[in-house]
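Letters go in sequence order (proteins before strands), and every chain restarts at 1.
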Amino acid sequence: MQQQYPFREIEQAAQQKWENDNAFRAEADPSKPKYYCLSMFPYPSGKLHMGHVRNYTIGDVLARYHRMKGYNVLQPMGWDAFGLPAENAAIQNRVPPAKWTWDNIAYMKKQLKSLGLAIDWSRELATCQPEYYKWNQWLFLRMLEKGIAYKKTQIVNWDPVDQTVLANEQVIDGRGWRTGALVEKREIPGYYLNITRYAQELLDDLDKLPGWPERVKTMQANWIGKSTGVRFAFTHDIRDADGKLIDDGKLWVFTTRADTIMGVTFCAVAAEHPLATHAARSNPELAAFIEKCKQGSVMEADLATMEKEGMDTGLSVTHPLTGEQVPVWVGNYVLMSYGEGAVMAVPAHDERDFAFAKKYNLPIRQSIAVKGESFSLDAWQEWYGDKSHGVCVNSGKYDGLGHEAAVDAIAADLKAKGLGDKQVNWRLRDWGISRQRYWGCPIPIIHCDNCGDVPVPDNQLPVKLPEDCVPDGSGNPLNKCEDFLNCTCPKCGVPARRETDTMDTFVDSSWYYARYASGFSNERMVDEQTGYWMPVDQYIGGIEHAILHLLYSRFWSKVMRDLDLVDYDEPFANLLTQGMVLNHIFSRRTDKGGIEYFAPEEVELVHDENGKVVGAKLLADGKPVDFQGMGTMSKSKRNGVDPQALIDQYGADTARFFMMFASPPEQTLEWSDSGVEGSHRFLRRVWAYGHTLESAISHALPAKLTGSLANARREIHATLKQAVYDLERKQFNTVASAAMKMLNSLEKLQKDAEDGWQPVATEGFSILLRLLSPIAPHITQALWSELGYGDDILRAEWPQPDESALVQDEIELVIQVNGKLRGSMTVARSADKSAIESQAVAHSSIQKYLEGVTVRKVIIVPNKLVNIVVG
RNA sequence: GCCGGGAUGGCGGAAUUGGUAGACGCAGCGGACUCAAAAUCCGCCGCCGCGAGGUGUGGGGGUUCGAGUCCCCCUCCCGGCACCA
């Protein structure tokens, strides 16, 4: 009879037991090896999505596996609770962001618990709690003292209707996403963190992270963007209307190709450069051009294909080595935000300069030659820009020098004239943390008319964010909150006003992992416990954080280290970036030319006779829809699957098993309803099989097994051995396969029912349950105790493969002839090479391949195959 | 353009160091049970071929007794970065 699989009762009972036992409470214990397993904490957006389920299941499998292996495991959870969505929800629903956030947290916490995660909830935190963000403020003040935090004026996107700053991604085609108003560029003062001070260390220490994916490290290295070259100045005597020398008479440029300096035929400056602004005053045509450049599209794809355009300023500057006059152009390909906003142009050896010079008929002067290549002005050639093979020509005293020697000599000469030196340039910018937003951590500064910007004294921390504000969409409500605004100056005691900007929410997430690891003291940011648990042994999260969050956290750790708060250089020893969850996308063109999307449950796939999917039709009208392939689950494409529905229908174990089984953690996961059903079917079979076994207590294995019993036991132990290897390399899909294989072996053993099968089954099933328990913890706990293996599978020992079970008396060897499979034979384990060789050559199934040819040699791969080479 | 990662049946994906390609599952097909259906169980399942056999891991070449795996060239796909001077 078919056994029911009552997953609701099973899961509820197991979760209740863990809660009663305080099973996942983690305490520092120096006598045990520790394992700090951390998944990126969620933003409390309302409810869990599949990405969360995947993320947290991966972490939970690792946590539970290490726990059973004897590690002292910490797996905490919390909430990245500040941020814009709470404000937007508040504007829409007239609910204070705090209430919206805490309601979401309560709901999502319930959902997380229903997944059966092995989390130490006693360490739960939310970044919107004053006890937490107090330490953002405290560390910010320490950074101010050290000069790591400083104030400067920045250009931002300003929405004139909402009276607020917009993030870049909130500006669509130059207009505010909400108001549709044309966005203005405004210079606004804000606080910056001097992350560039750590640029070199952030780059170098990537080498200390062998447990990080290569691509993440590459992305960070690119982002940091170290570039070694020479910064030098062209001199000039250009004065503004007041007769003041512009930029002290120096046009600074940065170049990585100082060796080509004698090939300079013009300079190009960005549209925003002071020289361009100056020249535009007396040149309306130029002014118009500059305006056009500034408004130009900033879409990367457009930039790549954009035509190089420029205009002569009519100004000229003096070449620092030759004394020659060099014209200054405005070029749309020069960026104000990188280097000096100006470049020396060497058309002969820079492809962009070459194109520019050709277009505007500027001179091109060769200054590098490569043996065997001849220079022609007709078209750009690959070797013109090659710095590894060329030597200087037409370059006076530098002629004959290679790249490095020439750069050294030229840098030295420029330095002697006081006009330049070698310099390292970084792409990385300092981190602007001021947000003109309400729902975030207040920046602890007081503005006093007498004393200026005064830091809030430590004993007045935290500066609490008032939680009863309801933003109305027009600017930061803190600006209208008198209770918050009004204060007294800590220095002179006169009435003063608080800073109303809040911190970027990336600050909140830059150190939460260290707080989890600490006791939650109100006196200290982190304590000794942090030293025990940190660094995080395994961090798991989405690739979308490859740069921002992970770079900020590395920076923040180094600052905390330099303040003697922690003793690690890097916070995350190993990083796993899980793949996204994809689902089918179905759509149809509407009459009006738009696209209408259909949820997967609204359509039916159409197969051909081979079972190949050839299309789909809408259930509602039976007419075909377009299958757009797989894509990330999203509201707009209507292809999301609600984890809650999955858990309700099949249970958490099924959800977890399917997530692990469907694909390896780092790869994208393709959603499949029938795959979920398959996973559920497997767990039902496990449950049913368990109930065919008698209690485990009475069955001891005999000393020696033979025949199908030995065979079944060998299969199970061999599968276990492979599964452990896969667990260690975090390839969980094949671990799930291994559990399925074990059940197949056990069912076959039982069907053949040779005498004495029960002890083999009892042992085999105990291995299956333990192997499966990190993935499906509820059903395995239920069966473990029901069958009498023990009370608590969490405390069971991790199974070890019995090597003696793997040994076979007789081995099946494959016979190849010239590498092609021709047969197989059984040999005794003790058979020596010559015996195997003669048995293989004499084997009946290969005789026809040996006719008329000579056996040249025989290759034997132990336990695998025999290859007979003939010719 | 540069950097990184890929390409294996109808599908998701296996295959530690080069050693039986397609594990495990999904879909499909056939059968049993059933009045019937669902569920369940049994069997088949890369392609060509009745069969023997041939062929097969994006394409081409190479190394090797033996290549999905190593080397060279090419095509395509995904991700990241980018007038970075």
Side-chain angles (χ1 to χ4, degrees), chain A residues 1-2 213-219 221-223 225-227 229 253-257 268 300-301 303-308 331-335 337-346 350-353 355-356 425-427 543 546-547 605 607-614 630 658 661-664 666-679 681-682 684-685 688 719 722 725-726 728-729 731 733-741 744 747 751 812-824 848 856-871:
Chain A
M1 198 193 88
Q2 167 64 24
E214 211 48 53
R215 60 176 177 152
V216 174
K217 289 190 278 187
T218 307
M219 282 163 75
N222 286 343
W223 186 264
K226 182 178 183 176
S227 171
V253 298
F254 175 79
T255 179
T256 56
R257 293 301 308 273
E300 283 157 9
L303 286 174
T305 54
M306 204 158 86
E307 182 74 8
K308 296 196 177 11
N332 65 347
Y333 67 99
V334 183
L335 305 176
S337 56
Y338 183 80
E340 304 294 332
V343 296
M344 68 173 200
V346 183
D350 180 287
E351 197 171 355
R352 287 159 308 175
D353 297 342
F356 195 85
N425 245 6
W426 302 93
R427 189 185 171 281
I543 185 73
I547 294 172
L605 292 176
H607 300 89
D608 68 6
E609 65 274 15
N610 297 320
K612 186 178 177 176
V613 177
V614 290
M630 307 296 280
F658 171 70
F661 178 63
S663 92
E666 310 236 45
Q667 281 183 38
T668 54
L669 182 153
E670 299 192 3
W671 187 262
S672 154
D673 289 329
S674 47
V676 173
E677 277 160 29
S679 297
R681 200 152 40 221
F682 166 68
R684 206 159 55 206
R685 270 170 63 208
T719 304
Q722 180 64 41
Y725 177 82
D726 289 342
E728 289 295 331
R729 61 177 176 150
Q731 187 174 286
N733 55 327
T734 49
V735 176
S737 299
M740 290 172 148
K741 269 190 218 181
N744 290 345
E747 286 181 339
K751 203 173 61 173
E812 172 129 323
L813 288 185
V814 159
I815 309 172
Q816 296 182 335
V817 178
N818 284 349
K820 285 205 184 289
L821 181 67
R822 297 302 185 193
S824 68
K848 58 180 162 182
R856 299 210 187 274
K857 76 175 145 169
V858 177
I859 287 155
I860 298 174
V861 181
N863 299 321
K864 292 246 160 96
L865 58 78
V866 182
N867 188 15
I868 302 167
V869 185
V870 300

| request: Tell me which nucleotide among B:rG19, B:rA23, B:rC26 gets nearest to the side chain of A:K864. | output: B:rG19
| request: Rounded to the nearest angstrom, tell me the gap between atom CZ in A:F254 and atom C1' in B:rC83. | output: 16 Å
| request: Using a heavy-atom cut-off of under 4.0 Å over every strand shown, decide if A:N744 touches base, sugar-phosphate, or nothing. | output: sugar-phosphate
| task | Check every strand shown and say whether A:R352 touches a base, only sugar-phosphate, or nothing at a heavy-atom separation below 4.0 Å. | result | base
| A:Q667 CD to B:rC77 P, straight-line distance once rounded to whole Å | 19 Å
| task | Could you tell me which nucleotide pairs with B:rU57 by Watson-Crick or G-U wobble geometry, both distances under 3.5 Å, or answer none if nothing does? | result | none
| said: Quick check on B:rU40: is either OP1 or OP2 less than 4.0 Å from any side-chain nitrogen or oxygen of A:R685? | reply: no
| query | When you look at A:N744 and A:R685, which way does the side-chain hydrogen bond (donor to acceptor under 3.5 Å, both in side chains) test go after all the steps? | reply | CA-CA 10 Å; A:N744 290 345; A:R685 270 170 63 208; 2.8 Å; yes
| message | For B:rG53 and A:K848 - does any side-chain N or O of the residue sit under 4.0 Å from the phosphate oxygens OP1/OP2? | response | yes
| task | Could you tell me whether the side chain of A:R215 reaches within less than 4.5 Å of the side chain of A:I543, counting heavy atoms only? | result | yes
| remark: Nearest heavy-atom approach of A:L813 to A:V866 is CD1-CG2, 3.9 Å
| remark: Of the candidates B:rA85, B:rC24, B:rG19, the side chain of A:V861 sits closest to B:rG19
| message | Within 90° of 0 counts as syn, otherwise anti: where does B:rG46 fall? | response | anti
| query | How far apart are the closest heavy atoms of A:G819 and A:N867, and which atoms are they? | reply | N-OD1, 2.9 Å
| If you find the nucleotide of RNA chain B closest to A:I543 and the one closest to A:V814, which residue's nucleotide is nearer the 5' end? | A:V814
| query | When you measure from the side chain of A:F661, which nucleotide among B:rG12, B:rC83, B:rA85 comes out closest? | reply | B:rG12
| task | Can you figure out which of B:rC26, B:rC65, B:rA85 approaches the side chain of A:T256 most closely? | result | B:rA85
| said: Counting only side-chain heavy atoms from C-beta out, which of B:rC42, B:rA85, B:rG80 sits nearest to A:T255? | reply: B:rA85
| Contact class for A:R856 (heavy atom, under 4.0 Å): base, sugar-phosphate, or nothing? | nothing
| said: Could you tell me how far apart A:F682 (CZ) and B:rA39 (P) are, to the nearest whole angstrom? | reply: 20 Å
| In whole Å, what is the span from the CG atom of A:N863 to the C1' atom of B:rU20? | 14 Å
| task | Respond yes when some side-chain nitrogen or oxygen of A:Y725 is under 4.0 Å from OP1 or OP2 of B:rU16, and no when none is. | result | no
| With respect to the phosphate group of B:rA39, does any side-chain polar atom (N or O) of A:R684 fall under 4.0 Å of OP1 or OP2? | no
| said: Without decimals, in angstroms, what is the distance between A:Q731 CD and B:rC24 P? | reply: 15 Å
| Between P of B:rG66 and CD1 of A:I815, the distance in whole Å | 19 Å
| said: Just to be sure I understand the rule, does A:S679 reach a base, reach only the sugar-phosphate, or reach nothing, if contact means heavy atoms closer than 4.0 Å? | reply: nothing
| query | According to the Watson-Crick and G-U wobble definitions, with both distances under 3.5 Å, which nucleotide is paired to B:rU75? | reply | B:rA7
| said: Students often get this wrong, so: under 4.0 angstrom with heavy atoms, is A:P664 touching a base, only sugar-phosphate, or nothing? | reply: sugar-phosphate
| remark: Side-chain contact check for A:L335: nearest option of B:rC83, B:rC65, B:rC26 is B:rC83
| field | Any A:Q722 side-chain nitrogen or oxygen under 4.0 Å from OP1 or OP2 of B:rU16 | value | no
| field | Phosphate OP1/OP2 of B:rC2: any A:N222 side-chain N/O under 4.0 Å | value | no
| query | What is the base-pairing partner of B:rC2, counting Watson-Crick and G-U wobble geometry with both distances under 3.5 Å? | reply | B:rG80
| request: With rounding to the nearest 0.5 Å, note down the distance linking CH2 in A:W223 to CD1 in A:I547. | output: 5.5 Å
| task | Describe the nucleic acid contact of A:E214 in one word from base, sugar-phosphate, nothing, applying a heavy-atom distance below 4.0 Å. | result | nothing
| task | Could you measure between the two C1' atoms, the one in B:rG12 and the one in B:rU20, and give it in whole Å? | result | 24 Å
| field | Residue A:K820, side-chain atoms from C-beta onward, closest of B:rU55, B:rG19, B:rA85 | value | B:rU55
| remark: Assert: residue with more 5' nearest nucleotide on RNA chain B, out of A:L865 and A:A662, is A:A662
| said: Any side-chain N or O of A:T218 below 4.0 angstrom from OP1/OP2 of B:rG80? | reply: no
| field | Presence of donor-acceptor pair under 3.5 Å, side chain of A:N867 and base of B:rC65 | value | yes
| request: Output yes when at least one side-chain N/O atom of A:R822 is less than 4.0 Å from OP1 or OP2 of B:rG54, else no. | output: yes
| Would you say a side-chain N or O of A:Q816 is under 4.0 Å from OP1 or OP2 of B:rA67? | no
| request: Would you indicate which nucleotide in B:rA23, B:rC26, B:rG4 comes nearest to any side-chain atom of A:S672? | output: B:rC26
| Close side-chain approach of A:F658 to A:F682, heavy-atom, < 4.5 Å | no
| task | Would you mind reading off the distance between A:I547 atom CD1 and B:rG79 atom P, rounded to a whole angstrom? | result | 15 Å
| message | Taking 4.0 Å as the cut-off, does a side-chain nitrogen or oxygen of A:R681 come that near to OP1 or OP2 on B:rA39? | response | no
| note | Atom CD1 of A:I860 and atom C1' of B:rC65 are separated, to the nearest Å, by 13 Å
| Should B:rC29 form a Watson-Crick or G-U wobble pair with both distances under 3.5 Å, which nucleotide is its partner? | B:rG43
| Test item: A:V343 and A:Y338 side chains (from C-beta on) under 4.5 Å apart, heavy atoms | no
| Between A:S227 (side chain) and A:N425 (backbone), is there a donor-acceptor pair under 3.5 Å? | no
